[in-house]
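All ligand and atom numbering here is 1-based and tracks the order in the structure. Keep in mind that this is a model prediction, so the values were computed, not measured. Along the sequence shown, residues are numbered consecutively beginning with 1.
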Amino acid sequence: MEKINFQKIVENLDSAVIAADYDNKIIYANRYFCSLFNTNCEMLAGKNIYDFLSQNSDTVIIKDYTYKISKYDDEICSYYYLTLVDSQMEKVYSDFISTVSHELRTPLTSIRGFADTMIMSFDKLDKAQLQKFLGIIKEQSNRLIKLVENLLSISRIQVQQNNLVVKSVNAVSQIEQVMDIIKNQYPSRIFEMYCADNVPNILADENKFQQIMINLLDNAAKYSYDKGSVIVRVANASRENFVSIKIEDHGVGIEPNNLGRIFEKFTRIENHLTRKTQGSGLGLYIVKNLIEKMNGQIFVESCTVLPNSGSTFEILLPAATYTGQCKKALEDK
Ligand code: ADP
């Protein structure tokens, strides 16, 4: 049997793990633990574990949730494994229900409101008003479709059932189609796309690639200001046999200590636009999951120092010309 990479498994666990030496100094914390405290492993290293966990209790409350702590010792250090206590699962569940209900109710209320107005005042409305109302109904329906698709993806991810139909896909023409949809929803944003010469097709599932681009372009527009530009750049990646797609915006940006959290499910980072915009915190979790299933990677760079400095999300996907191991691995999924 090939050597198992336990560190990678622990790093990507959906539970918090932390290790401290016998002077109680932290020597390791996995990504989940770091995200609970909006920090990273380097920042935690050397700090006292009891600044984060209580010395006399086998539970700890972090961000309103109670975690049970299980401790294991070996000759070098103690490992602490944090799991949500059962009753807290109900809180996670009820938070989820309330987010989703809100996300469903807002567009539905708007659709019903405009449909009612059109039915009751049909004769009094002029063509321009009718067109505007129908436009809003269409936009809100698209929002609902996106939410339902994201919810279906979440349940497929949970039961490991995201069957991919991988083939050679022309990324640029798919992005153009998605851009047209998003442009309609955000007429006050400026959209541009640049494609370098000789970029090959990508190896991807066409529908999933569209879902990825809808989420990323929708976010880029949503977290930007009026007249803000959203730029997509397609090029050969510096990593051989991969295509790079960058989605660049000039919006609110993301604080560096929140960058690690944005890919978690149900996570919305507080900023003055998240308060005003709709969202379920599912988009980036799904995006990352789908990209990794297609043997790709996603990176983000962002800045909040200057106004409008914005964010750039970069995805790398295998080039269709790369028919070796990568394609085989995808076919096996
Ligand atoms: P949401 O439905 O809230 O948009 P996502 O999973 O798509 O959920 O994104 C998670 C969080 O990451 C958002 O709530 C937002 O705070 C932040 N975010 C995502 N994309 C951007 C972006 N382009 N600019 C600024 N913040 C972003």
Ligand-side contact atoms (ligand 1) for residue partner Ser311, heavy atom cut-off under 4.0 Å: 22 (C), 24 (N), 25 (C)
Short N-O contact, Asp205 and Lys167, less than 4.0 angstrom: no
Heavy-atom proximity to atom 7 (O) of ligand 1, best of Asn219, Leu147, Leu217: Asn219
Asp249-ligand 1 polar pair, N/O distance under 3.5 Å: yes
Nearest heavy atoms of Leu317 and Gly296, plus distance in Å: CD2-CA, 4.1 Å
Under 3.5 Å side-chain donor-acceptor pair for Asn142 and Asn184: no
Identified side chain to side chain contact (heavy atoms under 4.5 Å, CB included) partner of Asn201 from the options Asn170, Val169, Val172: Asn170
Per-atom contacts of ligand 1 with Ile269, taking only distances under 4.0 Å to non-hydrogen atoms: 14 (O), 16 (O)
Heteroatom proximity flag, Val252 to ligand 1, N/O under 3.5 Å: no
Part of Phe263 with heavy atoms under 4.0 Å of ligand 1, whether side chain, backbone, both or neither: neither
Polar side chain donor-acceptor pair, Gln174 to Gln210, under 3.5 angstrom: yes
Atoms in ligand 1 flagged as close to Gly253, the criterion being non-hydrogen separation under 4.0 Å: 25 (C)
Non-hydrogen side-chain atoms of Tyr79 and Ser70 separated by less than 4.5 Å: no
Side-chain donor/acceptor of Asp226 to backbone N/O of Ser188, under 3.5 Å: no
Proximal atoms of ligand 1 relative to Gly281 (non-hydrogen, under 4.0 Å): 1 (P), 2 (O), 3 (O), 6 (O), 8 (O)
Atoms of ligand 1, numbered as shown, that sit under 4.0 Å from any heavy atom of Lys222: 1 (P), 2 (O), 4 (O)
Pair Glu139-Tyr186, side chain to side chain donor-acceptor pair (under 3.5 Å): steps then yes or no: CA-CA 10 Å; Glu139 183 201 311; Tyr186 298 91; over 6 Å; no
Sub-4.0 Å heavy-atom contact, Leu282 with ligand 1: yes
Backbone or side-chain N or O of Ile254 under 3.5 Å from ligand 1 N or O: no
Which of the ligand 1 atoms, numbered from 1, are nearer than 4.0 Å to a heavy atom of Phe313: 20 (N), 23 (N)
Ile262 neighbourhood, listing ligand 1 atoms whose heavy-atom distance to it stays under 4.0 Å: 10 (C), 12 (O)
Option whose closest heavy atom lies nearest to atom 9 (O) of ligand 1, chosen from Val230, Leu284, Val300, Val287: Leu284
Main-chain N/O of Ser224 paired with Arg189 side-chain donor or acceptor, under 3.5 Å: yes
